[in-house]
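The next block holds one structure in the form of structure tokens; read it before the comments.
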Amino acid sequence: MRVSLWIALVLGALFSPATFAADAPGAIANRLLDHLQGGDYAAAEAMFSPEMATAVPQDKLKAVWESLPAQMGELRTRGEPKVMPHQDMQVALIRLEFANGAINAQVAVNAQGKVAGFLLQPAPPAAATPVPADASYQERELTVGTGEQALAATLAMPKGAGPFPAVVLVHGSGPQDRNETVGPNRPFLDIARGLAAQGVAVLRYEKRSKARPQDFTSGKPFTVDDEVTDDAVAAIATLRAQPGIDGKRVFVLGHSQGGMLAPR
């Protein structure tokens, strides 16, 4: 699934505090999805606030909704709405399970009971599968760096005395977690466990722009070394210091931006 292909409709008109309409926001969100699934885009548009209707008329709404099957396959189930307040509105979150994955539909309902915002985005993946008890490797938590700026990390370590060759995984551009999660995919998790099962230790860690975005908000200029290279060097040092690691056989495997910066 390519996140760049997702079309998000986000529009919110804020209203002064008031008593919400008699229909619960969850029921309103479900009714909107009923209209969309039934192909009644005029009825769906009629539920919009004036600002939302102007920005997202029914032809645009139809184009977005009908693009989903090409990306996600058949819609199979719809979860129960979870409602939370947001400023002067209520937002209903509904998980939609498709044949090829899941998305979250967020429906913002204003004080007049009108839909003032509608967002479709990939749903966060379920928790990663634990390491099987009979696996030929194990995982343990580490940190890269020291103090409050340290980054959480996971070492996938083959079982046995070693010493083992080892790899540090360096992320692509943008804020990335240690598994480089994109939609339902966790390529760094797959690589780490696959190599560990073959006798190669793998260290993966949270990218700084993901774990500590505050490090880049002071207004001071920063470089790729601040964002990527310095932490990769620290990760190599952390990995070499672990018992059972062959310090002479430590390698760097980078994806995209990480691959470009690996020689550096």
Side-chain angles (χ1 to χ4, degrees), residues 1-6 8 10 104 119 121-131 137-157 164-196 200-264:
M1 179 173 60
R2 292 190 296 166
V3 176
S4 61
L5 290 180
W6 285 93
V10 189
N104 282 337
L119 172 65
Q121 60 183 172
T129 304
V131 175
Y137 62 93
Q138 57 192 355
E139 290 184 338
R140 69 173 186 265
E141 298 303 296
L142 296 175
T143 56
V144 170
T146 60
E148 66 176 11
Q149 292 193 325
L151 303 172
T154 301
L155 175 64
M157 187 75 175
F164 299 104
V167 172
V168 170
L169 299 182
V170 183
H171 325 74
S173 59
Q176 304 278 354
D177 66 17
R178 74 192 75 185
N179 297 327
E180 210 175 48
T181 302
V182 179
N185 304 305
R186 303 180 182 88
F188 274 14
L189 173 67
D190 296 338
I191 291 171
R193 291 182 174 179
L195 288 176
V200 179
V202 181
L203 181 66
R204 62 192 195 273
Y205 58 95
E206 301 289 304
K207 191 174 181 182
R208 183 162 300 278
S209 52
K210 171 73 172 181
R212 292 188 52 83
Q214 64 270 31
D215 291 346
F216 305 100
T217 59
S218 66
K220 296 180 180 178
F222 62 90
T223 69
V224 291
D225 291 335
D226 299 316
E227 185 191 10
V228 179
T229 316
D230 292 346
D231 292 326
V233 170
I236 293 168
T238 298
L239 185 54
R240 279 185 170 144
Q242 301 308 306
I245 297 297
D246 184 347
K248 295 181 179 180
R249 292 191 294 165
V250 173
F251 304 89
V252 174
L253 175 61
H255 168 230
S256 190
Q257 182 189 51
M260 179 185 73
L261 294 174
R264 182 175 178 85

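All values below were derived from every heavy atom in this structure, side-chain atoms included, with hydrogens, water molecules and symmetry-related copies excluded.
- Side-chain contact check for Gln257 versus Gln176: every heavy-atom pair is 4.5 Å or farther apart.
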May I have the step-by-step check of side-chain contact (heavy atoms from CB on, under 4.5 Å) for Glu139 and Leu189, ending in yes or no? CA-CA 11 Å; Glu139 290 184 338; Leu189 173 67; 4.1 Å; yes
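- Residues in residues 211-236 take part in these ring pair (Phe, Tyr, Trp, His ring centres under 6.0 Å) pairs, two or more places apart or across chains: Phe216-Phe222.
- Going from atom CZ of Arg193 over to atom OG1 of Thr154 covers 9.0 Å, rounded to the nearest 0.5 Å.
- Summarising the geometry, atom CG belonging to Leu239 is positioned 8.5 Å from atom CG belonging to Leu142; distances are rounded to the nearest 0.5 Å.
- We find that Arg208 and Asp226 are not joined by a salt bridge, their nearest charged nitrogen and carboxylate oxygen being 4.0 Å or further apart.
- Of the possible donor and acceptor atoms, one in the side chain of Asp177 sits under 3.5 Å from a partner among the backbone N and O of Asn179.
- When every heavy atom of Thr238 is checked against every heavy atom of Gln242, the shortest pair comes out as O-NE2, 2.9 Å.
- In this structure, the side chains of Glu180 and Arg204 stay at 4.5 Å or more apart for every pair of heavy atoms.
- Considering all non-hydrogen atoms of both residues, Leu203 and Ala235 come closest at CD2-O, 3.4 Å.
- For the atom pair CG of Asp225 and CG of Asp231, the computed distance is 10.0 Å after rounding to the nearest 0.5 Å.
- Remark: Leu155 CG to Tyr137 OH distance equals 12.5 Å, nearest 0.5 Å.
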Side-chain donor-acceptor contacts of residues 166-175 below 3.5 Å, not counting sequence neighbours, with atom names and distances?
residue	atom	partner	partner atom	Å
His171	NE2	Tyr205	O	2.5
His171	NE2	Lys207	N	3.4

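- Annotation for Ala262 and Val252: closest pair CB-CG1, 3.9 Å, computed over non-hydrogen atoms.
- Rounded to the nearest 0.5 angstrom, His255 NE2 and Ile191 CD1 are separated by 8.5 Å.
- Taking the side chain to side chain donor-acceptor pair (under 3.5 Å) definition, one finds that Glu206 meets it with Arg178, sequence neighbours left out.
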